[in-house]
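None of the values given here were measured: they were computed from a predicted structure. Values reported hereafter were calculated over all heavy atoms of this structure, with side chains retained and with hydrogens, waters and symmetry mates removed.
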Amino acid sequence: PLHLFYFMQGSRNIPQYHEPFAIFLKMTALIAIIIIYPRPTHDFKDKKINEIKPADIIRWQNILIKSGLSSTYLKTIHNQLSAIFNHAVNLYELKANPAKKTGKIGSKTPDSEMQFWTKGEYLLFREAIADKAISYYAFEVLYWTGCRLGELLALTVEDFDFENKTMRINKSYQKFKGKEYITTPKTPKSVRTISLPDFLAVELESYISMLFGFEKTDRIFMISRGYLHSELNRGVKISGVKRIRIHDLRHSHISLLIDLGFSAVAIGERVGHESVEITYHYAHLFPTVQSDMAKKLNCEMECNDKER
């Protein structure tokens, strides 16, 4: 019988403990399991997976809820646990998934309001970190394209077509315990080609021309997530703008596109989201949509009356 602990513990030997499950998971999800689960496995590690009951799951959920984790993080943890049980049901003849019987914890809606920079705030920040070229160009890509951090770090020379002013997103970069991984992007929708504004195409072509000895398949941003977090903190301190997360630069790009009047469908195609996700997560940034709809419908009726 399988032990859930073998799937969940923070092992230093990924293949030994995670290979059966890893076949069905991207590296990002596998890393999440390894990092997240050492804390809540105390009730599970000595039990066979078919001995874990819904009451055990409820006890585990209560521990997590009291730990002060965010609602979105709680939801992620529970979903990953449920996925492990589903894997055992499908391939190892576990009779049922006990995590399904207990109900979910957490929420898809963030606890706090979404943070983003206005264009003015970003330009102040950009000026503060412009003394380091690699930082400047990395944040330019993040803000003006809305790509994810892993997508940024996976970019290679051959992903750019400066004649057509495009940037291709077809992979993501992760680093775990000193080993680098290149995976597919977050979702199938994430594979996309982004049109670059003229100024950004010029900037990036200039930057890449300075990378002597780089092959077409070499990553153009040979930096770590930690470096960019440090540079974010430095730029915030110098510029005085509010502190946001690196992922919030993606929100900043989307909010800018909304301000410019683009539809949820068009924005979703650019950032690799389904349009329904854009509508759901950013509805509060579309303040005039409903009133604009009403005005246009009113116009349609008035035009119809005039025609009569």
Side-chain angles (χ1 to χ4, degrees), residues 1-112 114 148-150 172 174 176-177 181 183-190 245 247 272-274 276-281:
L2 294 173
H3 282 70
L4 183 59
F5 184 57
Y6 289 161
F7 287 112
M8 295 171 62
Q9 75 163 324
S11 168
R12 289 179 173 79
N13 187 342
I14 295 176
Q16 178 182 351
Y17 292 102
H18 299 88
E19 188 171 2
F21 192 51
I23 294 171
F24 299 92
L25 283 179
K26 288 176 54 180
M27 192 61 205
T28 47
L30 185 58
I31 289 172
I33 291 171
I34 296 169
I35 293 173
I36 290 171
Y37 284 124
R39 185 172 8 185
T41 56
H42 304 302
D43 290 339
F44 300 150
K45 66 179 181 179
D46 295 323
K47 289 189 175 184
K48 296 175 182 177
I49 194 168
N50 60 352
E51 294 175 346
I52 298 174
K53 307 299 181 187
D56 299 316
I57 303 296
I58 291 173
R59 183 163 52 250
W60 171 80
Q61 289 175 334
N62 288 333
I63 292 172
L64 287 180
I65 291 170
K66 292 176 182 177
S67 68
L69 297 173
S70 71
S71 61
T72 50
Y73 198 37
L74 289 173
K75 182 178 179 65
T76 297
I77 294 174
H78 185 274
N79 286 347
Q80 296 286 7
L81 176 66
S82 185
I84 291 172
F85 280 116
N86 283 336
H87 177 71
V89 169
N90 293 332
L91 295 180
Y92 294 96
E93 299 183 359
L94 182 68
K95 291 183 178 179
N97 176 353
K100 277 189 176 180
K101 296 182 179 181
T102 62
K104 297 182 179 181
I105 55 173
S107 169
K108 192 173 182 179
T109 305
D111 296 326
S112 56
M114 186 181 296
R148 300 176 178 90
L149 180 53
S172 184
Q174 307 294 331
F176 183 65
K177 294 191 176 180
Y181 300 90
T183 70
T184 56
K186 187 175 181 181
T187 66
K189 182 79 173 178
S190 299
R245 304 167 304 164
H247 187 72
H273 262 320
E274 297 291 344
V276 66
E277 293 181 69
I278 296 293
T279 304
Y280 176 80
H281 290 292

For a quick test of reading the model, state the closest non-hydrogen atom pair linking [X] to [Y] and the distance between them.
X	Y	value
Pro98	Ala96	CD-O, 3.3 Å
Leu81	Ile57	CD2-CD1, 4.0 Å
Pro54	Lys101	CG-CD, 3.9 Å
Arg148	Gly272	NH2-O, 3.6 Å

Might you work through the side-chain contact (heavy atoms from CB on, under 4.5 Å) test for Asn79 and Lys104, ending with a clear yes or no?
CA-CA 8 Å; Asn79 286 347; Lys104 297 182 179 181; 3.9 Å; yes
Taking only residues two or more places apart in sequence or in another chain, which ones pass side chain to side chain donor-acceptor pair (under 3.5 Å) with Asn86?
Asn97
Looking at residues at least two apart in the chain, or sitting in another chain, which of them share a side chain to side chain donor-acceptor pair (under 3.5 Å) with Thr102?
Gln61
Would you compute the distance between atom NZ of Lys75 and atom CD of Gln80 and round it to the nearest 0.5 angstrom?
12.0 Å
Between the CD1 atom in Ile49 and the NE2 atom in His87, the distance rounded to the nearest 0.5 Å is 8.5 Å
Could you check Ile77 against Trp60 for side-chain contact (heavy atoms from CB on, under 4.5 Å), going step by step and ending with a plain yes or no?
CA-CA 11 Å; Ile77 294 174; Trp60 171 80; 3.6 Å; yes
Taking Asp56 for its side chain and Lys53 for its backbone only, find out whether a donor-acceptor pair lies under 3.5 Å.
yes
Is a side-chain N or O of Ser190 found less than 3.5 angstrom from the main chain of Thr187, in a donor-acceptor match?
yes
Side-chain contact test, heavy atoms from C-beta onward, threshold under 4.5 Å: evaluate it for Ile52 versus Phe85 and give yes or no.
yes
